[in-house]
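Numbering starts at 1 and runs along the sequence shown.
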Amino acid sequence: VTDPIFSPDSKKFAYIVKYGNITHGRPTEIQTFIVINGQEIIRDDYAVRNVIFSVDSNKFAYSRETSYVINGKQGKDYFGVDEGIFSPDGERFAYLSANPSNNNASNKKLRAYVVVDEKESKEYDKIINYPIFSPDSKQFVYIAERDGKTYLVKNDQEIKIDMHESMHPRLPVFVFSPDSKRLAYTLDSRLFVLDDKKSEKFDRVSSLKFSYDSQQFAYVASKDSDLF
């Protein structure tokens, strides 16, 4: 039994059960079940992990060895997939995937993708962070690398970020305004971008916040031993 998880409304409890025989000390003929509220809902011959509920608790997805099954619909096969996420309205789903270059299994270099609504992004060498949806679920954003260049990707549109401004090795921090019309994010621990405009450089900046009406923006920063 692995991966116990509650739905956001706390009315559903899911976990994964694996059955199999032991042959020469090793498990064989493995079958996997997803159990929700005590009932075996899904039976799968593949390794199953990452059971994920939507925010409204009405939908769920799970990953197999090389693909996702989203609300009962089988997605595309890849060399591998990583943890996924539902949009706030539960209507969209995003996850990370990887395939060998040119789909050639003999080529050891893997290419990374973000898959949103089963639509692949462009190829990247590395996806820096999981995609993040806006509150209205209409936008998504992440940071990725290709050929030594770093990009902020918003709704599949790339904005090049100079390498010395990237968050490496730290992960970026994205904050959408409550009305989803504004975006703030950190490029490193010294500056941030708000509405596509860079801030001045500080010694340190953190805690990016929008007001509930999305009109005001606040942050914590320090410079020359002064705290703002």
Side-chain angles (χ1 to χ4, degrees), residues 2-3 5 14 16 18 20 27-34 42-54 59-88 90-134 137-163 166-174 185:
T2 61
D3 300 319
I5 183 173
I16 296 171
K18 296 180 181 180
T28 59
E29 300 178 5
I30 299 297
Q31 292 186 336
T32 306
F33 296 84
I34 296 177
I42 301 293
R43 177 178 176 177
D44 203 310
D45 294 332
Y46 287 82
V48 171
R49 57 189 177 90
N50 296 336
V51 176
I52 305 164
F53 285 101
S54 59
K59 300 175 182 178
F60 76 96
Y62 66 93
S63 64
R64 309 171 86 193
E65 291 179 335
T66 58
S67 64
Y68 260 95
V69 178
I70 307 163
N71 300 321
K73 185 177 180 180
Q74 174 68 53
K76 180 180 175 179
D77 277 323
Y78 292 93
F79 181 83
V81 295
D82 207 339
E83 188 169 348
I85 182 174
F86 277 101
S87 60
E91 297 300 320
R92 310 182 72 184
F93 190 77
Y95 59 93
L96 307 188
S97 67
N99 261 345
S101 298
N102 302 319
N103 294 320
N104 184 354
S106 64
N107 190 325
K108 298 297 184 181
K109 185 177 180 180
L110 293 179
R111 306 296 286 176
Y113 307 85
V114 171
V115 183
V116 181
D117 304 329
E118 285 304 300
K119 178 185 176 182
E120 293 176 1
S121 68
K122 297 178 181 178
E123 289 187 347
Y124 294 101
D125 297 322
K126 183 179 181 180
I127 307 298
I128 304 299
N129 66 295
Y130 290 107
I132 296 173
F133 284 101
S134 60
S137 302
K138 295 180 180 180
Q139 303 179 70
F140 59 90
V141 63
Y142 58 91
I143 288 180
E145 290 181 353
R146 184 197 307 113
D147 299 330
K149 299 178 181 179
T150 305
Y151 298 91
L152 168 75
V153 185
K154 183 179 179 183
N155 297 340
D156 292 324
Q157 300 298 311
E158 296 180 343
I159 302 173
K160 185 177 177 296
I161 301 173
D162 292 337
M163 286 299 293
S166 67
M167 282 292 293
H168 309 292
R170 299 166 61 92
L171 292 178
V173 176
F174 295 108
Y185 58 92

Undergrad: So that I can tick it off, tell me whether E158 and R146 are bridged by a salt bridge, with the cut-off set at under 4.0 angstrom between side-chain N and carboxylate O.
TA: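 Salt bridge flag = yes for E158 with R146.
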Undergrad: Nearest 0.5 Å, what's the CG-OG distance between L96 and S63?
TA: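 The distance works out to 11.5 Å.
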Undergrad: Report the C-alpha separation of Y113 and E123 in whole Å, then their side-chain angles, then the decisive distance to 0.1 Å, and conclude whether the side chain to side chain donor-acceptor pair (under 3.5 Å) test is met.
TA: CA-CA 6 Å; Y113 307 85; E123 289 187 347; 2.9 Å; yes
Undergrad: Rounded to the nearest 0.5 Å, what separation is found between the CZ atom of F174 and the NZ atom of K154?
TA: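 The CZ atom of F174 sits 10.5 Å away from the NZ atom of K154.
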Undergrad: Can you tell me how far CZ of F140 sits from OG of S121, rounded to the nearest 0.5 angstrom?
TA: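 Interatomic distance, S121 OG to F140 CZ, rounded to 0.5 Å: 8.0 Å.
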Undergrad: Between atom CD1 of I16 and atom CG of N50, what is the distance when rounded to the nearest 0.5 Å?
TA: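 Between atom CD1 of I16 and atom CG of N50 there are 7.5 Å.
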Undergrad: Between F133 and P88, what is the shortest heavy-atom contact and its length?
TA: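 Shortest heavy-atom separation between F133 and P88 comes out as CB-CD, 3.6 Å.
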Undergrad: List the atom of Q74, the atom of V69, and the distance in Å for their closest heavy-atom pair.
TA: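 The answer is OE1-CG2, 3.5 Å.
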Undergrad: Is there a donor-acceptor contact under 3.5 Å from the side chain of N99 to the main chain of R111?
TA: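 The answer is no, because no donor-acceptor pair under 3.5 Å joins these two groups.
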Undergrad: Walk me through it: do F79 and L110 pass the test side-chain contact (heavy atoms from CB on, under 4.5 Å)?
TA: CA-CA 9 Å; F79 181 83; L110 293 179; 3.7 Å; yes
Undergrad: Which heavy atom of S97 sits nearest to which heavy atom of V115, and what is that distance?
TA: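 Where S97 meets V115 most closely, the heavy atoms are OG-CG2, 3.5 Å.
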Undergrad: What residues, two or more places apart in sequence or in another chain, satisfy side chain to side chain donor-acceptor pair (under 3.5 Å) together with D3?
TA: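 Testing D3 for side chain to side chain donor-acceptor pair (under 3.5 Å), a comparison that skips the adjacent residues, returns none.
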Undergrad: Quick one: do L152 and V141 satisfy side-chain contact (heavy atoms from CB on, under 4.5 Å)? Show the steps, please.
TA: CA-CA 7 Å; L152 168 75; V141 63; 3.4 Å; yes
Undergrad: My understanding is that only one of Y78, F60, F93 makes a ring pair (Phe, Tyr, Trp, His ring centres under 6.0 Å) with Y68; could you say which?
TA: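 Single ring pair (Phe, Tyr, Trp, His ring centres under 6.0 Å) partner of Y68 among Y78, F60, F93: F93.
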Undergrad: Side chain of R92, backbone of S137: donor and acceptor closer than 3.5 Å?
TA: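 Judged by distance alone, yes, a pair lies under 3.5 Å.
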Undergrad: Roughly how far, to the nearest 0.5 Å, is the CG atom of D77 from the CD atom of E65?
TA: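 So the CD of E65 and the CG of D77 are separated by 10.0 Å.
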Undergrad: Say whether, by atom type as modelled, one donor and one acceptor occur between the side chain of E118 and the main chain of G75 under 3.5 angstrom.
TA: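 No: the side chain of E118 does not pair with the backbone of G75.
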Undergrad: Does K119 form a side-chain contact (heavy atoms from CB on, under 4.5 Å) with D156? I'd like the steps, not just the answer.
TA: CA-CA 10 Å; K119 178 185 176 182; D156 292 324; 3.9 Å; yes
Undergrad: Which residue in the set Q157, K160, K122 passes side chain to side chain contact (heavy atoms under 4.5 Å, CB included) when paired with Y151?
TA: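 Per the side chain to side chain contact (heavy atoms under 4.5 Å, CB included) rule, the option paired with Y151 is K160, out of Q157, K160, K122.
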Undergrad: Could you grab the distance from atom CG of D82 to atom CD1 of I127, nearest 0.5 Å is fine?
TA: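 That separation rounds to 10.5 Å.
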Undergrad: Can you name the nearest heavy-atom pair linking G90 to S54, along with the distance?
TA: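 For G90 versus S54, the nearest heavy atoms are CA-CB, 4.0 Å.
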Undergrad: Do V114 and V153 have side chains that get closer than 4.5 Å, going by heavy atoms?
TA: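 With C-beta onward as the side chain, the pair stays apart.
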Undergrad: Minimum heavy-atom separation for A61 to I70, with atom names?
TA: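 Heavy atoms only, the tightest pair is CB-CA, 4.0 Å.
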Undergrad: So which heavy atom on N129 is nearest to which on I143, and how close?
TA: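 Here N129 and I143 meet closest at OD1-N, 2.8 Å.
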